[in-house]
Amino acid sequence: MSMHGGAMGRSGRAGMNSMRRNRDILEHRVKKGTLPRMLVFAKVYRPMIMIFLTAVVLDSIVTSVSPLVLRAIIDTITNVHVAHRSQSLVIELALVTAVLALVDAALSLFERRASAVIGESLIFDLRARVYAHIQEMPIAFFSRTQTGALISRLNNDVIGAQQAFTDLFSNVVGNALLLTITLGVMFYLSWQITLVALILLPMFLLPARRVGRRLGTLFQRGMELNAEMNMVMSERFNVAGAMVVKLFGRPRDELDYFESRAGQVRDIGIRQATYQRFFFVALSLTASLATAFAYGFGGVAVVHGTLAVGTVVALTAYLTRLYGPLTQLSNLNVDYMSAMVSFERLFEILDLEPMIKDSPDSRVIPEGPVTLSFEHVSFEYPGAEEVSLASLEAVAVLERVQRTSVLHDVSFVVEPGTMTALVGPSGAGKTTMSLLVSRLYDVTSGSVSINGVDLRATTSDSLKETVGVVTQDPHLFHDSLRANLLFARPDATPEQMQQALVSAQIAPLVASLPQGLDTVVGERGYRLSGGEKQRVALARLLLKAPRLVVLDEATAHLDNESEAAVQRALDRTMADRTSLVIAHRLSTIRNADQILVIDDGRIVQRGSHEELLEAGGLYRDLYETQFAPQASTHGVGATVDVNDRRSRSAQ
């Protein structure tokens with residue numbers, strides 16, 4: 001009887017999974033071509049799927065035969081006319097029952113193993129494919145998309161697709177075969193009892209469907225509430241969020257806010273559990289009523305000699321496995337639609353074409369010193385519909401802002417081995433220009449080229465090797481210092497790493513740490529100070545040793561002493577490299593070979609520091625408001641820095 005209970009349990013649980021799905025799935029219109037694309041992923045595992053389905057068929061047959069063996073045992077025991085043969089026959093039938101149980105157990109284990117291999121392999125393939133595609137997306141995609149929505153695609157949708165995919169095969173084949181054999185044998189044994197059992201079926205299916213619709217709504221709402229609660233924890237548990245809570249001293253309010261979210265999750269969980277229990281109670285009650293009727297009707301038939309005792313027992317055994325497969329097959333359309341919806345959501349990402357990609361005839365940037373050229377560059381940031389999906393960000397649907405140009409007819413050349421500084425008010429377009437150099441965006445018109453090659457015609461690998469960037473707020477992974485450095489150059493030797501640390505003026509700090517380079521820096525490098533994190537980022541850049549360096553406020557978090565040390569290191573390091581520097585601080589731009597003053601996306605002034613001061617205009621205004629106080633304090637030193645740089649250039 002253990003096999004009967006196991007089959008009942010598996011069908012009940014599978015039925016429950018189907019009932020959980022939102023009823024809106026049934027109203028969804030599947031996009032044309034989704035099913036063929038889904039089957040492409042299954043094609044690789046076709047041999048394993050065929051073996052798996054064969055095991056499902058054999059298991060269904062074995063499960064269907066066992067009640068007949070039980071019937072034969074009981075009839076043999078109760079048949080007084082075969083007394084001298086009953087003992088050996090019963091033993092033989094008992095051995096058959098044991099063999100069937102062993103075969104059923106082996107097939108069940110194999111089914112689970114095969115299902116796991118197919119399912120987990122499919123998860124791996126889908127995740128790797130989607131992850132690789134997401135990495136090809138432009139930076140605009142990540143600036144607009146909710147991170148949680150992307151993670152949900154790689155977790156919930158991938159797992160949902162896998163479960164629906166494997167369950168669909170096993171449920172259709174296994175339950176259809178089991179139901180066919182069960183009904184056929186039951187009609188053969190007693191068509192009267194079988195008909196009554198089927199008449200009782202609506203007593204379960206009708207309330208179960210109503211409960212299932214309600215449970216689907218609750219399950220969907222429960223997922224939303226869980227997501228909201230997880231979002232609260234994610235925002236408050238990261239370093240920046242925790243710091244805000246502590247600085248403003250509102251832990252009690254935060255606890256109340258979290259408890260309100262967690263309380264909603266608790267309440268809906270209770271309601272879900274109640275409806276789930278109702279489903280199982282309805283299933284068990286219907287099966288019990290049918291069993292009671294079978295025993296009652298069959299018992300009377302036994303008394304009148306029209307049915308054998310073994311037949312009655314076999315019929316009740318078949319009844320226990322009749323309702324589960326019927327429920328599963330009645331929800332087959334829900335399983336199918338769930339698989340289609342999950343695959344559609346994954347294909348939606350895979351079908352989003354990256355805006356930045358290599359052209360078929362892309363070229364490698366020529367070796368040698370780098371010349372950077374902007375030629376009549378105009379640029380406007382792409383709209384939401386071009387880089388993102390409505391399902392990944394609400395503003396993709398709501399936003400209807402007219403796009404405006406950020407850069408207007410910008411032209412300049414950065415000669416090999418020289419430093420060009422970009423200055424101007426916030427929002428003038430300086431950072432946008434640095435993003436174009438690293439090809440995080442493509443120009444709207446005009447061109448950006450390195451050594452005469454338009455960046456749109458270069459290979460992404462050669463561009464990444466040529467250009468190195470340090471931003472104002474560099475990101476460090478939650479890993480060791482060594483791992484963060486090697487991210488720039490995986491084949492770097494210990495000597496090269498040490499040299500980069502020395503040049504970035506952070507070698508003494510690393511040497512003082514108990515674990516040295518194996519010290520974990522924490523989330524986003526928060527275990528380091530702002531200046532220390534900045535110098536680690538500079539060391540990572542120096543280890544990469546690019547030919548073109550882009551610094552976007554790279555020394556903004558450094559104190560005066562650290563800035564002076566790092567600036568000297570940068571001067572030495574960039575002496576033979578082309579560099580583009582964005583900064584407001586005097587120590588960074590006074591030594592530049594060329595200073596471009598940017599305002600409202602246009603170059604309004606250009607020249608050296610002294611030339612721009614003499615010319616007046618916006619640069620002089622910026623100097624007087626930002627640099628004059630510092631210059632009055634360090635004027636002598638600043639002059640020496642300029643002379644030092646010029647003397648080094650002459651050498």
Minimum heavy-atom distance [X]-[Y], with the two atoms named:
X    : Y    : value
K544 : A488 : CB-CB, 4.0 Å
A114 : M48  : CB-SD, 4.0 Å
R439 : L463 : CB-CD2, 3.4 Å

[atom1] of [X] to [atom2] of [Y]: how many Å apart, nearest 0.5 Å?
X    : Y    : atom1 : atom2 : result
T471 : L435 : OG1   : CG    : 10.0 Å
F374 : I603 : CZ    : CD1   : 8.5 Å
M419 : Q594 : CE    : CD    : 12.0 Å
S449 : L372 : OG    : CG    : 7.0 Å
D461 : S362 : CG    : OG    : 9.0 Å
R129 : I349 : CZ    : CD1   : 12.5 Å

Next on the checklist: side-chain contact (heavy atoms from CB on, under 4.5 Å) for R456 and I356? Distances and angles first, verdict last.
Outcome noted: CA-CA 8 Å; R456 291 167 293 187; I356 309 295; over 6 Å; no
Test item: side-chain donor near acceptor, [X] and [Y], under 3.5 Å:
X    : Y    : answer
D358 : T459 : no
H609 : Y619 : yes
Y45  : D125 : yes

Next on the checklist: The criterion is salt bridge (charged side-chain N to carboxylate O under 4.0 Å, His left out); which residues satisfy it with D518, sequence neighbours excluded?
Outcome noted: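 So D518 forms a salt bridge (charged side-chain N to carboxylate O under 4.0 Å, His left out) with R482.
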Just so I know, are the side chains of [X] and [Y] near enough to count as touching, which here means a heavy-atom distance under 4.5 Å?
X    : Y    : value
V410 : R602 : no
L436 : L407 : yes
L548 : R577 : no
V453 : P366 : yes
S434 : V550 : yes
E348 : F343 : no
D599 : P425 : yes
V521 : V536 : no

Return the set of residues passing side chain to side chain contact (heavy atoms under 4.5 Å, CB included) with [X] (not counting sequence neighbours), or none when no residue passes.
X    : answer
R112 : S115, A116
Q498 : L501, V502, A507
V265 : L225, N226, M229
V413 : T371, S373, E415

Under 3.5 Å, side chain of [X] to main-chain N/O of [Y], donor-acceptor pair present?
X    : Y    : value
R547 : T578 : no
S121 : I118 : no
E120 : V117 : no
K430 : G424 : yes
Q605 : L618 : yes
S503 : Q499 : yes
N484 : F477 : yes
R606 : L596 : no

Checklist entry - Do T458 and I450 pass the side-chain contact (heavy atoms from CB on, under 4.5 Å) test, and can you show the C-alpha distance, the side-chain angles, and the key distance before you say yes or no? => result CA-CA 9 Å; T458 65; I450 294 178; over 6 Å; no
Checklist entry - With Y441, which residues qualify under ring-ring contact (aromatic ring centres under 6.0 Å, His included), at least two apart? => result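 Y441 satisfies ring-ring contact (aromatic ring centres under 6.0 Å, His included) with F379, Y381 only.
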Next on the checklist: If you count every heavy atom of other residues, nucleotides or ligands that lies below 6.0 Å from R489 atom CZ, does the total exceed 12?
Outcome noted: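 Buried by this count: over 12 neighbours within 6.0 Å.
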Checklist entry - Taking the six-membered ring for Trp, are H133 and Y131 ring centroids under 6.0 Å apart? => result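 H133 vs Y131: aromatic centres not under 6.0 Å.
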